[in-house]
Each structure stands twice: as C-alpha cells, then as structure tokens.
Amino acid sequence: MRLSTRSIGVEVPEDFHFWSTVWSSGWCGLAPFSFDEEERTLSRVQRLTSGKIVRATVREERKGLLRIRVESREPLDEADVEEVESVVGTCLRLDEDLSPFFEMIEGYPEFGWVREIGAGRSIRSPTVFEDMVKTISSTNCSWALTRAVTRRLCLRLGEPFSEEDHTFPTPRQVASATEGFIKAEIKAGYRSPYLVELARKIVDEGLDVEAWRNSPLDSVSLKREVMKLRGVGDYAADNILKLLGRYDFLALDSWVRRKFSQIHGKGEAVSDREIEEFYAPFGKWKGLVLWLDMIKEHLVPKGRR
DNA sequence: GCGTCCAGGTCTACC
DNA sequence: GGTAGACCTGGACGC
C-alpha cells in the first residue's frame with residue numbers, strides 16, 4: 001500500500017510542553033493512541049469527516065512549534081489538513097487556558113517544578129464519548145485489561161488504517177453491537193451493557209455528551225448529569241470531569257490512595273477525608289494538584305526532584 | 001499447571 | 001444513607 005504523507009507545523013502557546021502533556025496520563029497508551037518514548041512522538045489513527053483514514057504522528061520540532069506527520073492512502077485536501085490540526089489541538093488541549101492555575105501554583109514553592117517542566121496539561125480523546133468509554137473500561141480492573149479492551153474495541157468495531165491500527169469506534173458503531181458481542185469478543189465483562197447503553201443513548205436518544213466540554217453547568221451539577229449514566233460512579237465521574245477540564249474533584253481510586261499513602265502517609269492507610277483536607281486549599285484546582293503530586297516522580301527526572 | 005487474589009469501582013438489594 | 005455482596009477479566013503470585 002502506497003501512502004501519501006503531509007507535514008503540518010502547528011504553533012503552540014508559550015506555556016505548552018509537549019512531552020509533559022503526553023506523558024501525564026496513561027491515555028497515551030490506549031488505542032488508537034500510541035507513543036514512542038525514545039523518539040518522543042505521539043501517534044493516533046483517525047477517521048476524518050471526508051471518510052479518509054489517517055495516521056497522525058506528532059513531535060515537538062522546537063519550543064513553540066509542533067510538527068504533525070500525516071499518513072493517508074488518499075491525498076489530503078485543505079479541509080482534511082485543518083481537521084487533523086483541530087483533532088491534535090483538542091487532544092493536546094491547546095485551547096485550555098491554564099494561566100490561572102499556573103498563577104495559583106506560584107504561591108506554593110513545593111510545586112515549583114510544575115512551572116519548571118511545564119506540567120499541568122494531559123492528553124484527552126478527540127471526543128467525550130471516547131473518553132467516557134475508556135474511563136468506564138478502566139474501572140475495577142488492571143490497567144492491562146483497560147488497554148486490552150480499548151484495543152479490541154478498535155480492532156473489532158473501528159475502521160482499519162492498517163492491519164494493526166484501527167480507528168476508535170463511533171457511538172453508532174458501538175451501538176450497533178450487541179451486549180453479547182461486547183462481552184464475548186471485547187471481553188469488557190459486566191461493563192459491556194454500560195458501553196452499549198451509553199452509545200445507544202447518544203445515537204437513539206440524542207444525548208449530547210460532546211456539549212459537556214462547553215457546558216454552562218457548574219461542576220457539581222455537571223457531575224450529577226454524568227453520573228446518570230450506568231457504569232459511571234463517583235470515581236469515573238470525577239475522571240470524566242477532569243477530561244472535560246474541570247478539576248474540582250479528586251477522582252480517588254485505589255492507585256491514588258496507595259500512592260498518597262506512600263508520599264504523605266509513610267505507607268500507612270489514609271482516609272479519603274484526610275486526602276480531601278490535604279488538597280482543599282487548592283480549591284477548584286485540587287484535582288489537578290493531586291494528580292500532579294501523584295505523578296511527580298514519573299514526570300521529573302531524578303536529579304531535578 | 002492450577003488455584004487464588006485483586007486491581008486505577010459500580011450497582012443493587014437490604015437494613 | 002450506609003453497607004454487603006456480586007460482578008468480568010487477566011496478570012501476579014504461591015504452591
């Protein structure tokens with residue numbers, strides 16, 4: 001198969017740091033995302049509105065400029081190129097203004113490293129639907145299972161770019177599958193009906209989850225809306241709100257509880273209330289501060305901690 | 001090789 | 001409103 005290739009340069013804000021953004025969550029390893037740690041690239045297979053399926057690979061060319069390499073079986077026109085730029089911008093949250101957060105964190109010397117390495121952003125999916133499916137697939141299971149379920153969803157329900165790389169399925173593609181199929185072939189277990197139900201609410205009942213990224217609702221009301229969906233409990237709703245750019249909640253799961261205990265509790269059990277109180281001073285940014293606190297050793301090179 | 005445990009939780013029934 | 005038990009899968013671990 002002969003591929004055509006386009007190269008696109010994208011200017012990014014001064015406070016944007018590419019690899020910190022990619023490396024700040026496990027999302028970069030969930031299909032159809034993939035990454036190369038050595039080359040410091042992030043890739044994604046994506047179906048464009050025109051129907052063309054592309055693979056976009058992003059790297060930082062220099063400070064303030066990203067380079068996107070787009071591979072496609074068909075030549076791309078300007079509308080396709082603009083859409084790729086838009087998708088990359090959404091995934092990297094280029095439109096998210098974190099300057100109030102950076103101003104707030106200036107007052108906390110122990111978080112000086114955040115500004116220094118440009119931490120704060122983390123990648124998300126082009127659609128809220130994809131983020132929700134991935135979040136539901138991450139509950140009560142190992143990360144390995146989340147990765148396997150996500151990959152199988154792409155391979156079995158998405159559209160192929162190559163044998164190994166498929167797009168993430170649309171709500172319509174998931175809605176057309178049966179619970180039995182999701183259970184048997186995707187192996188999502190008891191979460192299977194939740195995934196089909198979410199997709200069918202979008203397709204058949206017109207639930208507009210994409211509008212949540214610009215919702216006028218306050219975070220508490222928005223969380224209540226998100227939790228109306230089956231399979232979305234307290235943790236999942238908090239995580240989805242983080243992906244929507246709302247950091248008012250902590251998204252406490254067993255990994256975070258264990259990590260907090262190691263960092264701040266000398267390895268002893270710490271209650272959720274104590275964790276809440278610890279991050280309360282950070283107000284509406286507390287979810288983001290907690291997450292950065294948890295992943296500091298993952299982001300900051302040993303000598304600079 | 002086999003059995004058990006449990007992981008980046010949620011739902012339902014019951015009190 | 002609080003709590004116990006069930007729920008899928010698959011990797012890790014002990015034997």
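First the proteins, then the strands, lettered A, B, ... as listed; each starts at 1.
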Compute the centroid of each ring, for Phe111(A) and then for Phe101(A), and state whether the two points are separated by less than 6.0 Å.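 Aromatic pair excluded; centres sit 6.0 Å or further apart.
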Leu229(A) or Trp255(A), whichever maps to the more 5' nucleotide of DNA chain B: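 This one resolves to Trp255(A).
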Assuming nearest nucleotide by heavy-atom distance, tell me which of Leu145(A) and Gly231(A) is located more 5' along DNA chain B.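 Its nearest nucleotide being more 5', the pick is Leu145(A).
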Are the side chains of Val149(A) and Leu145(A) in contact, using a 4.5 Å heavy-atom criterion?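 Touching, per the 4.5 Å side-chain cut-off.
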Just so I know, are the side chains of Met132(A) and Trp212(A) near enough to count as touching, which here means a heavy-atom distance under 4.5 Å?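 Yes, close enough: below the 4.5 Å cut-off.
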Both distances below 3.5 Å, Watson-Crick or wobble geometry, any strand: find the nucleotide opposite dT4(B).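 When the pairing criteria are applied, dA12(C) turns out to be the nucleotide that pairs with dT4(B).
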Looking at the side chain of [X], which of [options] is the nearest nucleotide?
{"X": "Arg152(A)", "options": "dT9(C), dT10(B), dG11(C)", "value": "dT9(C)"}
{"X": "Lys187(A)", "options": "dG11(C), dG10(C), dG9(B)", "value": "dG10(C)"}
{"X": "Arg191(A)", "options": "dC8(C), dC11(B), dG9(B)", "value": "dC8(C)"}
{"X": "Asn140(A)", "options": "dG8(B), dA7(B), dC11(B)", "value": "dA7(B)"}

Could you give the [atom1]-to-[atom2] distance, from [X] to [N], as a whole number of Å?
{"X": "Ile240(A)", "N": "dT10(B)", "atom1": "CD1", "atom2": "P", "value": "9 Å"}
{"X": "Arg230(A)", "N": "dA6(C)", "atom1": "CZ", "atom2": "C1'", "value": "14 Å"}
{"X": "Tyr190(A)", "N": "dG10(C)", "atom1": "OH", "atom2": "P", "value": "14 Å"}

For the pair Tyr108(A) and Phe282(A), name the ring-plane relationship: parallel under 30°, tilted 30 to 60°, perpendicular over 60°.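 Tilted: the ring planes of Tyr108(A) and Phe282(A) meet at 30° to 60°.
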Indicate the ring-plane relationship of Phe260(A) and His264(A), choosing parallel, tilted or perpendicular according to the 30° and 60° boundaries.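 It falls in the tilted class, 30° to 60°.
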Nearest-Å distance once atom C1' is located in both dG8(B) and dG2(C):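 It comes out at 24 Å once rounded to the nearest Å.
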Taking atom P in both dC8(C) and dA13(B), compute the distance separating them and give it to the nearest angstrom.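 It comes out at 15 Å once rounded to the nearest Å.
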When you measure from the side-chain N and O atoms of Arg257(A) to the phosphate of dA7(B), is any distance below 4.0 Å, counting only OP1 and OP2?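 No.
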Contact under 4.0 Å: Ser254(A) side-chain N or O vs dG9(B) OP1/OP2: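 Yes.
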What does Asp234(A) touch in the nucleic acid at a heavy-atom separation under 4.0 angstrom: a base, only the sugar-phosphate, or nothing?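 It contacts sugar-phosphate atoms only.
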Give one of base, sugar-phosphate or nothing for Ile182(A), where a contact means two heavy atoms less than 4.0 Å apart.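 Nothing: the residue Ile182(A), judged by heavy atoms under 4.0 Å, touches no strand.
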